[in-house]
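Note that the structure is a prediction, hence the values are computed from the model and not measured. Here is how names work: the chains are called A, B, and so on, in the same order as the sequence lines, proteins then strands, and each is numbered from 1.
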Amino acid sequence: MLKKVLPWITLVTMVIAIYLIFSPVSAIYGLCPDGIPFDLGYNPRILYFHAPLAWVAYLAFFVVFVSSILYLRTREQKWDAFASSSAEIGVIFCGLVLITGMVWAKYAWGIWWIWIPQLTTALILWLSYAAYLMVRSAVPEPERKARLAAVFGIVAFIGVPLSHFSVMIWAHPLHPPVARVGAIEGFPVYVLLFNILAFTLLYTYLFSTKMDIERMSEEAQQGL
Amino acid sequence: MRHCLNIAWKDLKTEFRTKQMLNSMLLFALLVVIIFSFAFGPYPENIDQLAPGMLWVAFTFAGMLGLSRSFASEKENGCLDGLKLCPVDRSDIYVGKVMSNTVLMFIMVMVTVPVFIVLFDYSIPDPLRLIFVIVLGTLGFVFVGTLLSALTVNVRARELLLPVILFPVILPVIISAVLATGEVLSGINDIWAEVRILGTYGAIFFIVSLLIFEYVIED
């Protein structure tokens, strides 16, 4: 039942979310030097994509971490499928975070890439989980693949906060504090929250589809 | 603890009989420093900025060579199975390997740094602090490196896979160690922020590795 409804709920929510992003009410305002707010135009609205994508990427990697631990404890194939599905979606979403971040940086600061902690941490995350997928593809035997990938899934996730802290002290002396172009308050906050909901639903849908594929490929393997 | 020492001792003994790994690590580290000196010219003006990066690139790349052989050498003649049959805790194997890898890394560092000083006519203002930073950084590197070296031991393309999976995870070590080394070399004494990250990193990964090492070498 839920599986039948989920794609439709996701579709409707996503459409509403995208409509909201471009509707006038969700304009993001900046402040003139004399304190009068003004509409920053369409570009800052990339935030409505960027922040939910980042949230989903972190969520996906957290799911990899938890499923990896559960796999090592229970040795059930299910948890491995959880981890691998989530990791693939996470890598894609994390890549999109980087791209939307770069587009925003080009608009706001005039350069594509800027070594601020947020972007750098996202890059390290992306690299770590691309490496996770490398581990998976390097080991052919299913049981060993699941076990080694689970170990690496745990190691990679633990590295993330540490990377963030080290990037913070590394990037700090090189860059002035990043100015907030638009303070977000009022209606845009709800738009952002709605977008986070929409992207989380999208993640859930992709995840359940990927799980189906995993299950079917396993069945096909056993049938052979 | 005695078991760990025995395993480390065995590793070092076999290593010093052939010196195969150690020699290639040393030569490689030397080559990295020499290539850098060719790339940046004989007397680069901003050597203070370049030095920490050069040193840590040499350490990590040469260390990677040693790590990738650390468990791979046990594959011959089924030594790894023999090691697993030992009536010791699996984590003792990990600690033993960490010890032997650390010793090899330190030897490599002790050769590379003087060569660097000679080639670039460099003087180190505070050697003790530098040693402290290098020890902390090396330990963090070896803790994770040994675990991932064991992880890749049964993979066919392990020499390829190990760097790809190790570097993203040890980025915090590289960043903090390079920063701290740069600060020590330029005479800044406040390296507490970096040392804190290096220490936390080392402690967390040592404990995590002890806990999950047995899953890595199960088969």
Side-chain angles (χ1 to χ4, degrees), chain A residues 61 65 68-75 80 91 94 115 117 120-174, chain B residues 137 140 143-145 147-148 150-180 182-183 188 190-209 211-219:
Chain A
F61 296 145
F65 175 62
S68 297
I69 294 177
L70 287 172
Y71 176 79
L72 288 183
R73 290 202 78 104
T74 61
R75 299 304 169 100
D80 180 51
V91 167
C94 195
W115 291 102
T120 315
T121 309
L123 179 67
I124 296 175
L125 255 185
W126 188 86
L127 285 172
S128 304
Y129 283 89
Y132 175 86
L133 296 181
M134 287 288 291
V135 173
R136 296 198 71 91
S137 64
V139 189
E141 305 90 337
E143 191 275 333
R144 185 192 283 168
K145 168 167 47 183
R147 186 161 45 78
L148 296 183
V151 169
F152 190 72
I154 295 171
V155 171
F157 191 79
I158 293 171
V160 172
L162 291 161
S163 301
H164 188 73
F165 289 130
S166 59
V167 169
M168 295 255 273
I169 59 164
W170 171 74
H172 179 66
L174 297 175
Chain B
F143 288 159
V144 180
L147 179 75
L148 294 187
L151 195 150
T152 52
V153 67
N154 282 316
V155 178
R156 236 175 298 114
R158 61 169 167 267
E159 274 84 7
L160 251 146
L161 188 64
L162 181 64
V164 171
I165 67 172
L166 179 55
F167 277 125
V169 183
I170 57 154
L171 273 174
V173 172
I174 298 182
I175 294 174
S176 331
V178 167
L179 280 178
E183 280 166 10
I188 300 172
D190 184 25
I191 49 168
W192 171 237
E194 290 85 359
V195 166
R196 206 168 39 185
I197 288 179
L198 285 175
T200 319
Y201 185 96
I204 289 178
F205 272 104
F206 185 64
I207 294 165
V208 170
S209 303
L211 291 175
I212 58 180
F213 184 73
E214 59 176 304
Y215 298 110
V216 176
I217 55 161
E218 221 165 58
D219 53 357

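- When B/Val155, B/Leu160, B/Leu161 are each tested for a side-chain contact (heavy atoms from CB on, under 4.5 Å) with A/Met134, only one passes: B/Leu161.
- Top candidate by heavy-atom pairs under 4.5 Å with chain B, chosen from A/Ser128, A/Ala130, A/Ala150, is A/Ser128.
- Interatomic distance, B/Phe167 CZ to A/Ile124 CD1, rounded to the nearest 0.5 Å: 13.5 Å.
- Rounding to the nearest 0.5 angstrom, the gap separating the OG1 atom in A/Thr121 from the CG atom in B/Leu171 is 10.5 Å.
- Heavy atoms only, all atoms of each residue included: A/Phe152 and B/Leu148 are closest at CD1-CD2, 3.8 Å.
- For B/Ile165, the parts lying near chain A are the backbone and the side chain together; criterion is any non-hydrogen pair under 4.5 Å.
- Residue A/Phe165 qualifies as open at atom CZ: its count of foreign heavy atoms under 6.0 Å is 12 or below.
- Nearest heavy-atom pair, B/Ile212 versus A/Val151, reported as atom, atom and distance to 0.1 Å: CD1-CG1, 3.7 Å.
- The contact between B/Val164 and chain A is made by backbone and side chain atoms together, counting heavy-atom distances below 4.5 Å.
- The shortest side-chain heavy-atom distance between B/Phe205 and A/Val155 falls under the 4.5 Å cut-off.
- At a 4.5 Å heavy-atom cutoff, the contact between B/Ala193 and chain A is made by backbone and side-chain atoms alike.
- Only the side chain of B/Ile204 comes within contact range of chain A, judged by heavy atoms closer than 4.5 Å.
- Comparing A/Leu125, A/Ile154, A/Val139, A/Val135 by heavy-atom pairs within less than 4.5 Å of chain B, the highest count is held by A/Val135.
- For the atom pair CG of A/Leu162 and CG of B/Leu198, the computed distance is 10.0 Å after rounding to the nearest 0.5 Å.
- Between B/Glu194 and A/Ser166, every side-chain heavy-atom pair lies at or beyond the 4.5 Å cut-off.
- The two atoms that bring A/Ala131 and B/Pro168 nearest to each other are CB-CG, 4.4 Å, heavy atoms only.
- Neither the backbone nor the side chain of A/Glu141 comes within less than 4.5 Å of any heavy atom in chain B.
- Residue A/Arg75 places its CZ atom among more than 12 non-hydrogen atoms of other residues, nucleotides or ligands, all under 6.0 Å distant.
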Hey, mind stepping through A/Arg147 and B/Glu214 against salt bridge (charged side-chain N to carboxylate O under 4.0 Å, His left out) and telling me if it holds?
CA-CA 11 Å; A/Arg147 186 161 45 78; B/Glu214 59 176 304; over 6 Å; no
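- For B/Leu147, the part lying near chain A is the side chain, with the backbone staying farther off; criterion is any non-hydrogen pair under 4.5 Å.
- Between the OG atom in A/Ser163 and the OH atom in B/Tyr201 there is a gap of 7.5 Å [rounded to 0.5 Å].
- Interface check for chain B: of the options A/Leu72, A/Leu127, A/Leu123, the most heavy-atom pairs under 4.5 Å are formed by A/Leu72.
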